Engineer: 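Please see the structure below; I have some questions.
Whatever order the structure lists ligands and atoms in, that order sets their numbers, starting from 1. The structure displayed is predicted, hence computed values, not measured ones. The first residue in the sequence is number 1, and the count goes up from there.
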Amino acid sequence: MSALEEAAARLRGGGVVAFTGAGISAESGIPTFRDPGGIWDRFDPEEYGTWDGVMRLAMTRPDELADFLAELRRTMAAAEPGNAHRALALLEEAGLLEAVITQNVDGLHQRAGSRVVLELHGSLSRVVCLVCGRRATVDRDDLLASLDRAIVGLRTAFVPSLASLLPRCPACGGPARPDFVAFTEPVQGLPAARSMARGCETLLVVGTHGDVYPAAEIPVVAREGGAAVVEVSTGRTFIDSDLRIRGPAGRILPALVDLVLA
Ligand code: ZN
């Protein structure tokens with residue numbers, strides 16, 4: 001039996017939880033943030049990846065922050081769900097996959113049709129109000145429009161007012177920030193993700209190196225709960241897996257799901 005057939009046999013048993021990282025979105029045009037050429041290769045995450053850093057940059061180097069947001073805007077505008085995202089949505093539709101736990105903030109799983117998605121690092125498709133704390137979903141057009149407003153504000157205002165750069169909370173009208181988890185902030189929904197991982201039959205790990213904690217605990221917790229860990233990856237990883245399939249997620253996952261549903 002090939003590794004692909006062996007993996008298909010496991011997935012057919014159901015109780016699958018997927019755990020995804022940057023690699024699954026790289027094929028959709030989202031550069032993996034940490035790799036050479038990625039956003040954190042060109043913009044220091046200590047500054048651009050923390051909320052305090054961004055606040056400071058808006059005051060001291062607004063043009064550079066505008067460059068960063070313009071880069072983010074280009075990426076978000078171009079990104080479309082890929083074959084790997086769609087394959088996972090099909091697996092959920094077939095009743096075999098219970099949830100996707102993702103480290104990505106791009107919302108591509110939902111756009112591909114996945115319904116149960118736990119976003120450990122938050123989402124650029126949501127804002128959280130700085131005044132009342134309420135969270136609200138924003139669609140991609142609204143996100144791009146608010147990035148445009150912030151970019152223009154940063155490039156033209158002499159001293160930009162931070163509140164004027166941020167989208168408004170639909171509930172109270174206060175300034176709201178994108179609801180992604182910045183560096184140094186705690187991840188979101190970790191207890192729910194851990195309990196999903198602990199209770200699953202098979203954890204399907206896609207496109208993650210397993211070196212960013214605490215998200216990297218997920219495969220460990222799944223294994224402790226007795227799940228098989230099946231990994232789809234292109235390079236070396238730190239994942240302790242039972243079965244590893246080498247290759248790009250956009251090619252492997254559709255083939256795997258075809259085999260499962262055949
Ligand atoms: Zn509010």
Side-chain angles (χ1 to χ4, degrees), residues 25 30 33 39-40 43 45-77 79 81 99-112 114-196 214-215:
S25 292
I30 304 251
F33 278 39
I39 266 182
W40 298 144
F43 296 93
E46 302 279 329
E47 288 192 291
Y48 292 88
T50 67
W51 191 240
D52 285 349
V54 166
M55 297 289 217
R56 226 175 7 253
L57 281 163
M59 296 301 189
T60 56
R61 285 141 63 207
D63 278 325
E64 287 171 46
L65 181 58
D67 290 345
F68 172 75
L69 294 182
E71 176 76 30
L72 195 61
R73 190 205 185 281
R74 254 195 307 281
T75 304
M76 295 306 291
V100 176
I101 302 169
T102 188
Q103 300 166 80
N104 301 335
V105 298
D106 51 38
L108 292 179
H109 283 298
Q110 291 91 331
R111 283 179 55 203
S114 287
R115 286 181 296 257
V116 185
V117 183
L118 282 78
E119 297 167 305
L120 293 178
H121 294 163
S123 174
L124 291 175
S125 312
R126 273 194 313 271
V127 291
V128 56
C129 177
L130 296 173
V131 178
C132 73
R134 235 168 284 191
R135 291 187 153 85
T137 308
V138 286
D139 67 24
R140 186 164 62 150
D141 289 344
D142 289 343
L143 169 69
L144 296 179
S146 69
L147 281 170
D148 283 339
R149 270 194 307 278
I151 291 164
V152 169
L154 287 166
R155 291 213 197 280
T156 55
F158 179 56
V159 179
S161 133
L162 280 176
S164 74
L165 301 176
L166 293 170
R168 298 275 127 195
C169 166
C172 77
R177 54 157 281 192
D179 191 21
F180 69 90
V181 173
F183 280 75
T184 74
E185 288 181 334
V187 301
Q188 297 181 359
L190 191 60
R194 288 177 64 102
S195 118
M196 276 286 187

Engineer: Please indicate whether Arg61 has more than 12 foreign heavy atoms, meaning atoms of other residues, nucleotides or ligands, lying under 6.0 Å from its CZ.
Structural biologist: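 It does: Arg61 CZ has more than 12 such atoms within range.
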Engineer: Are Arg126 and Pro178 side-chain neighbours, meaning at least one heavy-atom pair lies under 4.5 Å?
Structural biologist: no
Engineer: Please check this pair: side chain of Arg135 against backbone of Val128, looking for a donor-acceptor N/O pair closer than 3.5 Å.
Structural biologist: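 It does not hold such a pair.
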Engineer: Please determine if Glu185 and Arg177 form a salt bridge, counting it only when a charged side-chain N lies under 4.0 Å from a carboxylate O.
Structural biologist: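 Yes, Glu185 and Arg177 are salt-bridged.
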Engineer: For a quick test of reading the model, state the closest non-hydrogen atom pair linking Gln103 to Ala215 and the distance between them.
Structural biologist: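 Taking every non-hydrogen atom into account, OE1-CB, 3.6 Å.
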Engineer: Can you spot which of Asp67, Asp148, Asp141 makes a salt bridge (charged side-chain N to carboxylate O under 4.0 Å, His left out) with Arg73?
Structural biologist: Asp148
Engineer: Tell me, which protein N/O/S atoms are under 2.8 Å away from the Zn ion (ligand 1)?
Structural biologist: Cys129 SG, Cys132 SG, Cys169 SG, Cys172 SG
